[in-house]
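Only one structure is covered here, and it is reproduced in the block below.
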Amino acid sequence: MKKSFILVFLSAFLPLVLASSELYFIDIHSQIDHKAKGLKQVLKRMNENNVKTTFLTTRGKRDWREIIDWSEQYPGRIIPIMRTKGGDYQHKPSKFFQKMATQASYDNFKGISETLLYHAQKGNKAPLVKVKISDKRFQYILEKDLKEGWPVVLHIEFASMSKELKQEYMSDMEKLLQKYPNHPFVLIHMGQLKANEAQSLIEKHANLYFITSHTSPVTINESKQPWVSLFDGYSFRAEWKEMFLQYPKRFIFGIDNVWAKHWKKDYGRRMKYWKKALGELDDKTANLIAHGNAQRLWKLPTD
C-alpha cells in the first residue's frame, strides 16, 4: 500500500520537476499588429513553447497603450518596449518626437524597440529606410537609452547594402561603439553578418551583442532577404555553433514576430529549431543565449 502510494505521488510530481528544469526562453524583441488576436494568443504561444517573458511593441494600427495594459495584467511576462516604427519616423520627425515623448511619460517601458538605420524594401509592407547614426532621430533614441541604461537595439541590414554603403555604416557604427565603450549595443537579426564578420566585431568591441531573430529556416525559406542562416537541419551550422560556444555571452535569443501569421503556427515552428539546437549545447551556453544574457543586459530578475 505504501509502495503504490509513493509511485502515484512520484508519477504526479515528476512532470512538474521536468517542466521546471526545461530550458526556458526570454524573447527580447517581438511585435504585434492589429490583425493578430491579442493577449490571449500571445500568452498561449508563450506557454506552449516555454517562453517566460516577451519584450513587446506594436505594429500597424495596434495602439502601443495596449501593451502597457497587458504588462500590468501580466507583470514579468509581457514587458513593453517603446515603439519607434511608423510613417512619422520616416517622414514627420516632429510628430515622431512627440510620440516618443508621450511614451516616455509612462514608467512601464523597459527599453526601446529596434531603431531602423538601414532597412531594405520588403514588398509593399516595409519600405526602404536609410537613417544615419548622426541623424537627430537616432540621437534622440540613443540619449534616452543612455539615460535609462537600456541596451541600444540597432537595425542595420549589412548584407542588403552596396559595398560602399556597408563600409560607411560599419565605420559609423564602430565609432559609436568606441564612443560609448561601457554601454551595450545590440544588432538585431545578427546584423545580416557572416560568422567571420560577427567574430571580428566581437573581438574588437566588448559592448556589441547580437539578437538571433530571423535566422531559422521558417523565415529564410519564406523570404527573399539575405537573412543569416544559423541552422543546418535542426542543429546549428558548424561556424555559428563554434561562435556560440566561444562567445556565449554575446548572443541573445529573440523571435521578432511582426505580423498576425507569426503568432500562429510560425511561432511553434521557429521554436522547434531553437529548442533542438540549443539542446545540443552545454547547459551554461544554452541558458545564456535563451535567457541569461537578456536578464543581465536588461537587468531582469534571475532564477
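- At a threshold of 4.5 Å between non-hydrogen side-chain atoms, the residues Thr115 and Leu154 do not count as touching.
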Extract all donor-acceptor atom pairs below 3.5 Å that involve side chains of residues 89-100 and protein atoms in other chains or at least two apart in sequence.
from, atom 1, to, atom 2, distance (Å)
Tyr89, OH, Leu116, O, 2.6
Lys99, NZ, Asp88, OD2, 2.6

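- Between the side chain of Arg59 and the backbone N or O of Asp33 there is no donor-acceptor pair closer than 3.5 Å.
- Hydrophobic clustering (side-chain heavy atoms under 4.5 Å, transitive across Ile, Leu, Val, Met, Phe, Trp, Tyr) groups Phe253 together with Ile78.
- Between Lys132 and Asp135, no side-chain nitrogen of the basic residue sits less than 4.0 Å from a carboxylate oxygen of the acidic one, so the salt-bridge criterion is not met.
- Annotation: side-chain hydrogen bond (donor to acceptor under 3.5 Å, both in side chains) contacts of His155 (sequence neighbours excluded): Glu114, Glu157.
- Residues in residues 146-155 take part in these salt bridge (charged side-chain N to carboxylate O under 4.0 Å, His left out) pairs, two or more places apart or across chains: Lys144-Glu148.
- Residues Leu297 and Trp150 form no side-chain contact, since every pair of their non-hydrogen atoms from C-beta on lies 4.5 Å or further apart.
- Note on Lys179 versus Glu174: no salt bridge recorded, every NZ/NE/NH1/NH2 to OD/OE distance being 4.0 Å or above.
- Taking Ser71 as the reference, nothing meets the side-chain hydrogen bond (donor to acceptor under 3.5 Å, both in side chains) condition, with sequence neighbours excluded.
- The side chain to side chain donor-acceptor pair (under 3.5 Å) contacts involving residues 34-44 comprise Lys44-Glu48, where partners must be two or more places apart or lie in separate chains.
- Counting only heavy atoms from C-beta outward, the side chains of Leu230 and Thr212 approach each other to under 4.5 Å.
- The same ILVMFWY cluster, assembled from side-chain heavy atoms under 4.5 Å apart, contains both Met46 and Leu39.
- Asp63 meets the side-chain contact (heavy atoms from CB on, under 4.5 Å) test with Arg65; sequence neighbours excluded.
- Between the His119 side chain and the Pro127 main chain, a donor and an acceptor come within less than 3.5 Å of each other.
- Other residues, nucleotides and ligands place more than 12 heavy atoms under 6.0 Å from the CD atom of Glu203.
- Glu197 meets the side-chain contact (heavy atoms from CB on, under 4.5 Å) test with Lys166, Leu193, Lys194; sequence neighbours excluded.
- You'll find the side chain of Leu56 reaches within 4.5 Å of the side chain of Ile32, heavy atoms only.
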Exercise for the section: Quick one: do Ser160 and Gln192 satisfy side chain to side chain donor-acceptor pair (under 3.5 Å)? Show the steps, please. Expected result: CA-CA 8 Å; Ser160 298; Gln192 286 190 350; 3.0 Å; yes
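- Ring pair His291/Tyr24 is parallel by interplanar angle, where below 30° counts as parallel and above 60° as perpendicular.
- Residues Asn207 and Asn182 form no side-chain contact, since every pair of their non-hydrogen atoms from C-beta on lies 4.5 Å or further apart.
- Under the side-chain hydrogen bond (donor to acceptor under 3.5 Å, both in side chains) criterion, Thr58 pairs with Arg83, not counting sequence neighbours.
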Exercise for the section: Under the side chain to side chain donor-acceptor pair (under 3.5 Å) rule, what do Gln31 and Asn257 come out as? Steps first, then yes or no, please. Expected result: CA-CA 5 Å; Gln31 308 169 64; Asn257 286 325; over 6 Å; no
Practice task
Show your working on side chain to side chain donor-acceptor pair (under 3.5 Å) between Asp27 and Ser30 and close with a plain yes or no.
Solution key: CA-CA 7 Å; Asp27 176 10; Ser30 267; 2.5 Å; yes
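- Other residues, nucleotides and ligands contribute only 12 or fewer heavy atoms inside 6.0 Å of the NZ atom of Lys264.
- Because its NZ or CZ atom is not both nearer than 6.0 Å to the ring centre of Tyr267 and within 45° of the ring axis, Arg45 does not count as a cation-pi partner of that residue.
- Cluster annotation: Tyr209 is connected to Phe55 through the hydrophobic network of ILVMFWY side chains, with a link wherever side-chain heavy atoms come within less than 4.5 Å.
- The main-chain N or O of Lys249 is found under 3.5 Å from a side-chain atom of Arg296 such that the two form a donor-acceptor pair.
- Identified under the salt bridge (charged side-chain N to carboxylate O under 4.0 Å, His left out) test for residues 272-284, with sequence neighbours left out: none.
- For the side chain to side chain contact (heavy atoms under 4.5 Å, CB included) with Ile112, the qualifying choice from Ile81, Thr57, Ile141 is Ile141, the only one to do so.
- Take Ile220 and apply the side-chain contact (heavy atoms from CB on, under 4.5 Å) test, not counting sequence neighbours, and it matches Trp227, Ser229.
- Counting non-hydrogen atoms of neighbouring residues, nucleotides and ligands closer than 6.0 angstrom, the CD atom of Gln121 exceeds 12 such neighbours.
- A heavy-atom distance below 4.5 Å is found between the side chains of Trp274 and Thr215.
- With contacts defined as side-chain heavy-atom distances shorter than 4.5 Å, the pair Leu142/Phe185 qualifies.
- Note on residues 58-82: pairs passing ring pair (Phe, Tyr, Trp, His ring centres under 6.0 Å), not counting sequence neighbours, are Trp64-Tyr106, Trp64-Phe109.
- Judged by distance alone, the side chain of Ser223 and the main-chain N or O of Gln225 form a donor-acceptor pair under 3.5 Å.
- With sequence neighbours excluded, the residues satisfying side-chain contact (heavy atoms from CB on, under 4.5 Å) with Leu165 are Tyr118, Lys130, Met161, Ser162, Glu168, Tyr169.
- Side-chain atoms of Lys122 come within 3.5 Å of backbone N or O of Ala120 as a donor-acceptor pair.
- The main-chain N or O of Ser213 is never found under 3.5 Å from a side-chain atom of His29 such that the two would form a donor-acceptor pair.
- The backbone N or O of Phe251 lies less than 3.5 Å from a partner atom in the side chain of Asn293, making a donor-acceptor pair.
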